[in-house]
Protein chains: 2
Amino acid sequence: MAEPTRYAELARQLSAVGAVKRELARNLSSSCPAGSVAALLVVEEHGDLRIGRLAELLAVDMSVTSRHVAHLADRGLLERTCDPADKRSRILRLTPDGRSVLDELQRRSTALLAERLSEWTDDEVGELTRLMARLRASFGDVRARATANT
Amino acid sequence: MAEPTRYAELARQLSAVGAVKRELARNLSSSCPAGSVAALLVVEEHGDLRIGRLAELLAVDMSVTSRHVAHLADRGLLERTCDPADKRSRILRLTPDGRSVLDELQRRSTALLAERLSEWTDDEVGELTRLMARLRASFGDVRARATANT
DNA sequence: TATTGTTATACTCTATAACTATA
DNA sequence: TATAGTTATAGAGTATAACAATA
């Protein structure tokens, strides 16, 4: 349990991190919208999954996810196959093209971060990444965890 | 200088942190839009400043900032006074009402984070906050630094 | 001429609600 | 009845471009 002022400072940094994301997005200027890329990344990270599960992991409404998935499928970056066990469901899978897009994006974001964070040590970058992942697990995955077993 | 894979992992976490921000915003459900609150926080943090400077710190276009500021001024949370040294400029200042809104929001976000991050130590929360602030300084403030002396 | 700020327009992301198909 | 997904609509956030006032 941390001191109360710690939480206020963290909340402020969370609000301010939007500036970093905007700068990153501007410099990457991908052909694929950022929201769709976020969805693609989750599919890559978690492997095949349903749309509802993807929505939980993204912490957005299923309707939003459905649109992103439709967009990605139209572009051939994602594959929607019917779930034989539940004909209402559709299983999402990354296509080779989808993987190419992510690889390219990763290559460019890595180069950009390497430039901007040249004064950071390996440990510092790793520590920030680890803590952000833990923040997501502690804070953002509540709904995802709650329904992960259904 | 960190290993290349570190940067890719950080980029992924930056993409995913949106989920945390959405969860936070949902649970706070402020009367004031998140974008305007972000602007208000920067004014509080940096003291009186011009709209152009605020736009740099937020890493958004000045037109966007102008709209947020107009919205905040309409609600009486921000004050726009003319700069005597440059009649094109307007100096922004937090009003007592603006401070009240931020105080209330801080109170609620602190309570929410305290609940979700109950297993984090004081040092861990502090370290994440420190690294996020440094990320913002290293990555996001490039344009802001470049024009800070003009 | 250049700069500060505003406004008009368009695009992306999101949520809510109504709907279809299946369980 | 309940659930998985889709679609229509509306609201917030942002960028670009055209504009007004001042430097």
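Naming: A, B, ... by sequence-line order, numbering from 1 per chain. These figures come from a predicted structure and were not determined experimentally.
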Options dT6(C), dA4(D), dA15(C), nucleotide nearest the side-chain atoms of D86(A): dA4(D)

Rounded distance (Å) that lies between atom P of dA4(D) and atom CG of L92(A): 14 Å

Most 5' of S66(A) and R88(A) on DNA chain D, judged by nearest nucleotide: R88(A)

Pair R134(B) + E124(A), salt bridge at N-O below 4.0 Å: yes

Candidate nucleotides dA23(D), dT14(D), dC13(C), ranked by approach to the side chain of H68(A) - the nearest: dC13(C)

OP1 or OP2 of dT14(C) under 4.0 Å from side-chain N/O of R22(B): yes

SB check E56(B) R22(A) (cutoff 4.0 Å): no

K87(B) side chain, from C-beta outward: closest of dA15(C), dA23(D), dT7(C): dA23(D)

N or O in side chain of S89(B) less than 4.0 angstrom from dG5(C) OP1/OP2: yes

Phosphate contact (dA4(D) OP1 or OP2) by R53(A) side-chain N/O below 4.0 Å: no

Distance, rounded to the nearest Å, where L28(A) contributes CG and dT12(C) contributes C1': 17 Å

Between R75(A) and H71(A), a side-chain donor and acceptor under 3.5 Å: yes

Any R90(A) side-chain nitrogen or oxygen under 4.0 Å from OP1 or OP2 of dT3(D): no

Salt bridge E3(B)-R6(B), side-chain N to carboxylate O under 4.0 Å: no

Nearest-angstrom distance from the residue atom CG of D83(B) to C1' of dA21(D): 14 Å

d(CG, L78(B); C1', dG5(C)) in whole Å: 15 Å

Nearest-angstrom distance from the residue atom CD1 of I51(B) to P of dT22(D): 15 Å

Short side-chain N/O contact from H71(A) to OP1 or OP2 of dT12(C), under 4.0 Å: no

Among dT14(D), dT7(D), dA12(D), the one nearest P33(B) by side-chain distance: dA12(D)

T121(B) and D123(B) side chains, donor-acceptor separation under 3.5 Å: no

Atom-pair distance (CE on M62(A); P on dG5(D)), nearest Å: 5 Å

S63(B), nearest nucleotide to its side chain (from dA17(D), dA4(D), dA23(D)): dA17(D)

Contact nearer the 5' end of DNA chain C, comparing A85(A) with R67(A): R67(A)

V60(B) side chain, from C-beta outward: closest of dT22(C), dT14(C), dA15(D): dA15(D)

Rounded interatomic separation in angstrom, taking NZ from K21(B) and C1' from dA15(C): 18 Å

Distance below 4.0 Å between R26(B) side-chain N/O and dA15(C) OP1 or OP2: yes

Out of dT3(C), dG5(C), dG5(D), whichever nucleotide has its closest atom nearest the side chain of R50(A): dG5(D)

D97(A) versus T95(A), side-chain donor and acceptor atoms under 3.5 Å: no

Interatomic distance, L72(B) CG vs dA12(D) P [rounded to whole Å]: 13 Å

Sugar-phosphate only, base, or nothing, as touched by A70(A) at under 4.0 Å among non-hydrogen atoms: nothing

